[in-house]
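Worksheet: the structure to be examined is printed underneath.
Values in this document were obtained by computation on a predicted structure and should not be read as measured data.
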Amino acid sequence: MNLQLLVRQIQLYRRRELLIDTNLLLLYFVGASRPDRIRSFNRTSRYSVDDFALLEQVISQFKRMTTTPHVLTEVSNLMGQCEEPWRSDLRGWLSAAIAGWNETSTASRSLAKAGHFPRFGLTDTAIADLAPGSCLILTDDRPLAGLLEAKGLAVIRFSDLQSICF
């Protein structure tokens, strides 16, 4: 994806909502609370402080955030791998963020019936269940991005942003 297309997608959706997939959302909270721990925390070790800054820059373009209970559950559970008191601090940041976000959900029973559920699981299937045009989805998961694009959802791969910005 080229820079013009990325900028155009962000401009088109900035007045709507942004949904951030699990790994990037975890990066956001780890970076916001302890940027020095991005590389040492096993779940964010593949990212850098620069990646966090890029993610923050993208988030700042949007007026509203949206998520699913499945993404939030995964993020909260992954935060559980941190030691105290950092774990409680991270979950405090998550709690504060949730208060201002839109949350959309589909019953797991319904999601489990989707043809792509066996391959993608509950969280990714919930993201793929979003209405086209409702939000822009930011992910670092290539297979998920391909599914979302096939379903007509607006998606940006974080790796595309990284390759353009670094």
Side-chain angles (χ1 to χ4, degrees), residues 1-39 41 43-79 89-106 120 123-166:
M1 186 175 286
N2 66 38
L3 180 60
Q4 276 186 317
L5 185 55
L6 287 170
V7 169
R8 204 167 107 220
Q9 271 197 306
I10 290 171
Q11 287 176 338
L12 179 63
Y13 282 90
R14 67 191 303 170
R15 287 185 175 81
R16 296 179 201 174
E17 295 177 325
L18 175 67
L19 183 141
I20 303 172
D21 195 14
T22 303
N23 290 332
L24 293 173
L25 193 54
L26 184 63
L27 169 63
Y28 174 72
F29 288 112
V30 168
S33 68
R34 297 277 308 270
D36 61 305
R37 300 289 303 270
I38 291 171
R39 287 282 194 193
F41 180 47
R43 300 305 300 204
T44 58
S45 61
R46 68 181 182 173
Y47 300 109
S48 68
V49 173
D50 288 339
D51 292 327
F52 166 67
L54 176 60
L55 179 59
E56 246 187 341
Q57 186 177 8
V58 171
I59 291 170
S60 74
Q61 300 298 308
F62 289 82
K63 293 185 183 223
R64 294 187 309 255
M65 299 285 290
T66 192
T67 193
T68 71
H70 308 91
V71 169
L72 294 175
T73 299
E74 281 193 3
V75 169
S76 177
N77 287 342
L78 292 171
M79 288 174 172
D89 290 345
L90 283 170
R91 287 184 174 153
W93 283 72
L94 178 62
S95 176
I98 289 170
W101 292 352
N102 181 34
E103 186 176 343
T104 183
S105 65
T106 302
F120 288 93
T123 300
D124 290 353
T125 300
I127 294 170
D129 190 59
L130 295 169
S134 63
C135 67
L136 178 63
I137 301 159
L138 181 61
T139 185
D140 64 352
D141 182 333
R142 283 196 169 288
L144 174 61
L147 172 65
L148 299 175
E149 289 168 346
K151 292 183 63 71
L153 295 163
V155 61
I156 291 179
R157 291 181 181 97
F158 193 67
S159 59
D160 290 341
L161 290 172
Q162 290 169 306
S163 67
I164 291 169
C165 297
F166 297 122

Rounded to the nearest 0.5 Å, the CZ atom of Phe158 sits from the CG atom of Asp141 at a distance of 14.0 Å

By side chain to side chain donor-acceptor pair (under 3.5 Å), Thr22 pairs with (sequence neighbours left out) Glu74

Notebook entry, point to check: Should we count CZ of Arg8 as having more than 12 external heavy atoms under 6.0 Å?
Noted result: no

Heavy-atom closest pair (Leu153 atom, Ala128 atom, distance to 0.1 Å) is CD1-O, 3.6 Å

So the side-chain hydrogen bond (donor to acceptor under 3.5 Å, both in side chains) pairs with at least one residue in residues 54-63 (sequence neighbours excluded) are Arg14-Gln61

The side chain to side chain donor-acceptor pair (under 3.5 Å) partners of Asp21 (sequence neighbours excluded) come to Thr139

Sorted by chain and residue number, the ring-ring contact (aromatic ring centres under 6.0 Å, His included) partners of Phe41 (sequence neighbours excluded) come out as Trp86

Distance col, row Ile127:CD1 vs Thr123:OG1, nearest 0.5 angstrom, shows 7.0 Å

Closest non-hydrogen atoms of Ile38 and Val49, given as atom of the first, atom of the second and distance, are CD1-CA, 4.0 Å

Smallest heavy-atom separation, Ala145 atom then Val155 atom, equals O-CG1, 3.9 Å

Hits for side-chain contact (heavy atoms from CB on, under 4.5 Å) against Asn77, two or more places apart or cross-chain, chain-then-number order -> Thr73

In this structure, CG of Asn23 is separated from OG1 of Thr44 (nearest 0.5 Å) by 9.5 Å

For Gly31 and Pro35, the nearest pair of non-hydrogen atoms, with its separation, is O-CD, 3.2 Å

Output for pair (Leu26 CG, Leu90 CG), nearest 0.5 Å, gives 7.5 Å

ask   = If you measure only the distance, is there a donor-acceptor pair under 3.5 Å linking the side chains of Asp89 and Ser33?
value = no

Please determine whether the number of non-hydrogen atoms from other residues, nucleotides or ligands lying under 6.0 Å from atom CZ of Arg16 exceeds 12. yes

field: Steps toward side-chain contact (heavy atoms from CB on, under 4.5 Å) verdict (Leu147, Asp124)
entry: CA-CA 9 Å; Leu147 172 65; Asp124 290 353; 5.6 Å; no

Taking every heavy atom of Arg91 against every heavy atom of Ser76, the minimum-distance pair comes out as NH2-O, 2.8 Å

Arg46 meets the side chain to side chain donor-acceptor pair (under 3.5 Å) criterion, sequence neighbours left out, with Asp140

To the nearest 0.5 Å, atom OH of Tyr13 lies from atom CG of Leu18 at 11.5 Å

Sorted by chain and number, sequence neighbours left out, side-chain contact (heavy atoms from CB on, under 4.5 Å) with Thr66 holds for Glu17, Leu19, Asn102, Thr104, Cys135

The complete set of salt bridge (Lys or Arg N to Asp or Glu O under 4.0 Å) pairs with one or both residues in residues 25-38, sequence neighbours excluded, reads Arg34-Asp36, Arg37-Glu83

Looking only at heavy atoms, the pair that brings Ser48 and Arg39 closest together is CB-NH2, 3.4 Å

- Message: With side-chain contact (heavy atoms from CB on, under 4.5 Å) as the criterion, how do Tyr28 and Ile20 come out once you've worked through the C-alpha distance, each side chain's angles and the decisive distance to 0.1 Å?
- Response: CA-CA 9 Å; Tyr28 174 72; Ile20 303 172; 5.5 Å; no

Those residues at least two apart in sequence (or on a different chain) that pass side chain to side chain donor-acceptor pair (under 3.5 Å) with Ser105 are none

Exercise. Return yes if some donor-acceptor pair links the side-chain N/O of Asp129 with the main-chain N/O of Ala126 below 3.5 Å, else return no.
Key: no

Between the CD1 atom in Ile137 and the CG atom in Leu148, the distance rounded to the nearest 0.5 Å is 4.5 Å

Ile98 meets the side-chain contact (heavy atoms from CB on, under 4.5 Å) criterion, sequence neighbours left out, with Leu72, Leu94

Hits for side-chain contact (heavy atoms from CB on, under 4.5 Å) against Ala32, two or more places apart or cross-chain, chain-then-number order -> Phe52, Trp93

